[in-house]
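Just so it is clear, the model here is predicted, and its values are computed rather than measured. Chain letters run A, B, ... following the sequence lines, proteins first, then strands; residues in each count from 1.
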There are 2 protein chains.
Amino acid sequence: MKISRDDISAMEKRYRAQLVNSLPGLKSANLIGTADENGHPNCAIVSSVVHLGSDPPLLGMFSRPHSVERHTWENLKASGFYTINHVHDGIWKEAHQTSARYPRELSEFEATGLTPHWSDSLPAPYVREARLRIGMKFLEHHELPNQCLFIIGEIVEAEFPESALQADGHLLLEAIGTCGISGVDHYHQFKSLGRLAYAKPELPPRELKTSS
Amino acid sequence: MKISRDDISAMEKRYRAQLVNSLPGLKSANLIGTADENGHPNCAIVSSVVHLGSDPPLLGMFSRPHSVERHTWENLKASGFYTINHVHDGIWKEAHQTSARYPRELSEFEATGLTPHWSDSLPAPYVREARLRIGMKFLEHHELPNQCLFIIGEIVEAEFPESALQADGHLLLEAIGTCGISGVDHYHQFKSLGRLAYAKPELPPRELKTSS
């Protein structure tokens, strides 16, 4: 079926949000850890972490200014640091629950049973239960036409199970149970189809082997 | 294992790219269709399409100015339009092959066996083999600290199998075989863990039913 821009505009608000959120394809599922000036920890799920570059190592994410992600933005702007923690198949329900509108004085950590974990390197909490964790330094933000914020940060440190690391630097994320999200609320595990070698005009696609 | 910013900087270039690209988690897999002023079609795989908002319906993506995605950027800037086409489990190898550095005069469509498909609504080709296709109008771009471009567009139209549409607007992407990418070259199918209702502070996580 085909839908037009006018069809989308005419949709009921939540229906439209479900549909338009389904269109880009699968999204990453991450918990963002921040702390306010008193060290009070905050944790929020986001489905918008993206790779921006490897040298320097930059990741981006988006924040809606009026959503629950607002506390995340206020904390990371004030402290200059945040953490990114992969949601996995053992914590996906707790991760989703962090999107509830808890009052500011109640940490999503306490409310959902996730555990803050502090590193000496930065004033933002990791999620202890996560298996892949990234410490981030805030660099800059851009305001988008719909008032959404695009937040850019640089990787300070990263921690992951050595067993997931392949000889060429690739991480086997399905081996550590990393989840993805489609739409606004649909969580997925993923299953490897295969890796493909760097594409060259004169050669057909060639599969790469993975080792576990 | 834990790695620092200095460890990342000291890595061999390709190893670093593999590792840092693995860190954000699963990424969407899409083919971007564009055409130059003579209607010559171009097709490029990107793993960076993100949802920015539903009203107006906005999607973003990133382009490295010196990569093969440069033709995509030049075409979409000149014509003002592009298409986004989900990679699925039947075309993932052809999709990856579009990343080879073909000479400009050879279309990735011809080179890989994918088929351009034109709509009356916009001067950019869809990928006929894709099952979910989105027509996009270019809105604006931002330049990032690493010279990467962040491209924002508005949805003009979208086409997908009605069978994937749930009663609340959610699309069951695994029902149409949509793929995800981890790292730079690892393709995945995905398997549903479940959908969760809108989170509320006073209620535990509750699963939503899906129908196929």
Working for salt bridge (charged side-chain N to carboxylate O under 4.0 Å, His left out), residues Lys137(A) and Glu154(A): CA-CA 5 Å; Lys137(A) 183 180 174 191; Glu154(A) 187 167 321; over 6 Å; no

Region of Leu132(B) that comes under 4.5 Å of a non-hydrogen atom in chain A: side chain

Aromatic ring pairing His186(A)/His170(B), orientation class (parallel under 30°, perpendicular over 60°, tilted between): tilted

Max heavy-atom pair count under 4.5 Å with chain A, selected residue of Cys179(B), Gly60(B), Pro103(B), Gly169(B): Gly169(B)

Structural part of Ile134(A) lying under 4.5 Å from a heavy atom of chain B: side chain

Chain A contact via His96(B) - side chain, backbone, both or neither, heavy atoms under 4.5 Å: both

Under 4.5 Å from a heavy atom of chain B, the part of Glu12(A) involved: neither

Which portion of Asn30(B) sits near chain A, non-hydrogen atoms under 4.5 angstrom: side chain

No-hydrogen, no-angle side-chain donor-acceptor test under 3.5 Å, Glu157(A) and Ser121(A): yes

Side chain, backbone, both or neither of Leu203(B) within contact of chain A (heavy atoms, under 4.5 Å): backbone

Under 4.5 Å from a heavy atom of chain A, the part of Ile155(B) involved: both

Heavy-atom proximity to chain A below 4.5 Å, by part of Val49(B): both

Contact class of Ile8(B) relative to chain A, heavy atoms under 4.5 angstrom: side chain

Mutual orientation of the aromatic rings belonging to Trp73(A) and Phe138(A) [parallel < 30°, tilted 30-60°, perpendicular > 60°]: perpendicular

Within-4.5 Å side-chain heavy-atom neighbours: Ser63(A) and Thr72(A): no

Test item: side-chain donor near acceptor, Thr83(B) and Asn85(B), under 3.5 Å: yes

Structural part of Ala29(A) lying under 4.5 Å from a heavy atom of chain B: neither

Interface residue of largest heavy-atom contact number with chain B, from His51(A), Glu174(A), Met11(A), under 4.5 Å: His51(A)

Under 4.5 Å from a heavy atom of chain B, the part of Leu173(A) involved: side chain

Presence of salt bridge, Asp89(B) and Lys191(A), under 4.0 angstrom: no

Between Val156(B), Thr178(B), Leu23(B), the one whose heavy-atom pairs under 4.5 Å with chain A are most numerous: Leu23(B)

Heavy-atom proximity to chain A below 4.5 Å, by part of Pro56(B): both

Chain B contact via Glu140(A) - side chain, backbone, both or neither, heavy atoms under 4.5 Å: side chain

Exercise: do Tyr15(B) and Gln166(A) side chains pair donor with acceptor under 3.5 Å: no

Contact origin within Ala111(B) toward chain A - heavy atom pairs under 4.5 Å: neither

Beyond-backbone contact of Asp185(A) with Tyr198(B), side-chain heavy atoms, under 4.5 angstrom: no

Reported CZ-to-NE2 distance for the pair Phe62(A) and His141(A), which is rounded to 0.5 angstrom: 13.5 Å

Aromatic plane relationship, His188(A) with Phe190(B) - under 30° parallel, 30 to 60° tilted, over 60° perpendicular: perpendicular

Heavy-atom pair count under 4.5 Å with chain B, highest-scoring of Arg16(A), Arg14(A), Glu162(A): Arg16(A)

Ile152(A) portion near chain B, given a 4.5 angstrom heavy-atom threshold: side chain

Stepwise salt bridge (charged side-chain N to carboxylate O under 4.0 Å, His left out) check, Glu207(B) with Lys93(A): CA-CA 9 Å; Glu207(B) 289 206 38; Lys93(A) 292 186 179 180; 3.1 Å; yes

Structural part of Leu59(B) lying under 4.5 Å from a heavy atom of chain A: side chain

